[in-house]
2 protein chains.
Amino acid sequence: MQCSFSNQEQILQLLKGLNNQISPKFERCTGITSTRYELLHLLYETEEINQSNLQKAVNIDSAAITRHLKQLEANGMVTRRRNPSDNRVIFVCLTEEGRKQIVGYKKEKINFVNQMLLDFKPEELESLSDMLNRMQHNIREY
Amino acid sequence: MQCSFSNQEQILQLLKGLNNQISPKFERCTGITSTRYELLHLLYETEEINQSNLQKAVNIDSAAITRHLKQLEANGMVTRRRNPSDNRVIFVCLTEEGRKQIVGYKKEKINFVNQMLLDFKPEELESLSDMLNRMQHNIREY
DNA sequence: AATCAATTATTGACCTATCAATAAATATAG
DNA sequence: CTATATTTATTGATAGGTCAATAATTGATT
């Protein structure tokens, strides 16, 4: 197949294709969705946090956050309560059960990521992370 | 927030978050989904191609391909016919209308990608594309 | 030739995202 | 103080993706 995609144009497709492949494999390997994992991980580090902050941290919209957290609450991983001094916001907090679970997930995630980034040198990782951040920044205003 | 994610671990989330942001913006800017665009683009370069090859090229599963192509057919962008010498496979082909449309889409896509990759040097693009391919390769067997 | 295996496409069920509309609480302006 | 605007979370509708099951055709084995 003649390659009439410029390098620039290919990047977008690579990104999309890579993500399509990663998502189901991540879940199979770790037993949890990567966004759910990220939510739990963030909660692991912060005592209590409101939904809108979580939402911004994870880059999904507020509807998705609501549904994830309700699900996690139903599974006993998370508790939610309204902020007494501002009844609009909801504080989210990891349960003991959630704290226990995340440890196992983390191990699996590290295995997965190690395999995915096999033979990547530290400079490469840094450069990759830098470029992804720049792309994110470049399309911010769109 | 203390950053207890290693660089390795962050990459996965960056990828996912970036994709979440890109997809709707790409569609707003170009008027077409990025996978649909890729399908049309591939068809633009090859006279006729069967679905399973398209599927592999785009990295989505066969169910998704079927639905996309039926939709594109309903919109008059594409024709589908069975391979006479192997009645399992379906040949897909771009219509004249489709050929016309893709030109406009391409222009918009280039604008979008240029903005997204603003200030990226050619070596960076090459390195990025290389790394994404390696990641894809590393998780192939999972 | 007949059975069994593999390939191709399709369908239904499900999950995760988006967007748009809404409700409820708080902040701001006059 | 009241009216208006803004923020936060929720819900319903829609779209794109996966998986699993199926049908239909072809390929292989014996």
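Excluded from the calculations below are hydrogen atoms, water molecules and symmetry mates; all remaining heavy atoms, backbone and side chain alike, are included. Numbers restart at 1 for each chain; the letters A, B, ... are given by sequence-line order, proteins then strands. As the structure is a prediction and not an experimental result, all values here were calculated from the model.
- We find the OG1-OH distance between B/T30 and B/Y105 to be 8.0 Å, quoted to the nearest 0.5 Å.
- Taking CG of B/L69 as the reference point, atom CZ of B/R36 lies at 9.0 Å (rounded to 0.5 Å).
- Following rounding to the nearest Å, A/F91 (CZ) and D/dA9 (C1') show an atom-to-atom distance of 14 Å.
- Contacts between residues 131-142 of chain A and DNA chain D, counted as heavy-atom distances below 4.0 Å, involve no residue at all.
- To the nearest 0.5 Å, atoms CD1 (B/I11) and CD (A/E126) are separated by 10.0 Å.
- The closest side-chain heavy-atom distance from B/Q8 to A/M116 is not below 4.5 Å.
- Taking atom CD of B/E38 as the reference point, atom P of D/dG17 lies 10 Å away to the nearest angstrom.
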For DNA chain D, the dot-bracket pattern of Watson-Crick and G-U pairs whose distances stay under 3.5 Å, | for other-strand partners | ||||||||||||||||||||||||||||||
Check against side-chain contact (heavy atoms from CB on, under 4.5 Å), A/K16 and B/S23 | CA-CA 9 Å; A/K16 182 111 189 174; B/S23 302; 3.5 Å; yes
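- Residues passing the side chain to side chain donor-acceptor pair (under 3.5 Å) test with A/D130, sequence neighbours excluded: A/R134.
- Using a distance-only test at 3.5 Å, with no hydrogens or angles considered, no donor-acceptor pair links the side chain of B/R81 to the main chain of B/F91.
- For the pair B/N87 CG and C/dT10 P, the interatomic distance rounds to 12 Å; values are reported in whole Å.
- Residue-environment remark: OH (A/Y142) exceeds the threshold of 12 foreign heavy atoms within 6.0 Å.
- Between A/Q51 atom CD and A/N83 atom CG the span is 12.0 Å, to the nearest 0.5 Å.
- Whole-Å rounding puts the B/R82 CZ to D/dT25 C1' distance at 9 Å.
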Report, one pair per line, the protein and nucleotides 2-8 of chain D atoms (nitrogen or oxygen only) whose separation is under 3.5 Å.
unit_1	atom_1	unit_2	atom_2	d
D/dT7	O2	A/R88	NH1	3.3

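- By the 6.0 Å contact criterion, CD on B/E47 is open, its count of non-hydrogen atoms from other residues, nucleotides or ligands being 12 or less.
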Annotated protein contacts, base or backbone, on nucleotides 12-19 of chain C with a non-hydrogen cut-off under 4.0 Å, one of B, S, - each = BB--SSBB
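- Computed from coordinates, the B/Q55 CD to D/dG17 P distance equals 12 Å when rounded to whole Å.
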Please test A/T46 against A/N53 for side-chain contact (heavy atoms from CB on, under 4.5 Å), starting from the C-alpha separation and ending with a verdict.
-> CA-CA 11 Å; A/T46 61; A/N53 288 347; over 6 Å; no
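- Legend: residues meeting side chain to side chain donor-acceptor pair (under 3.5 Å) with B/R88, ordered by chain and number and at least two apart, are B/D86.
- Per the geometry, CD1 belonging to B/I65 stands 19 Å off P belonging to C/dT7, to the nearest Å.
- If you take CD on A/E9 and CD1 on B/I110, they are separated by 4.5 Å, rounding to the nearest 0.5 Å.
- In this entry the distance linking CG of B/N19 with C1' of D/dG16 reads 12 Å, nearest Å.
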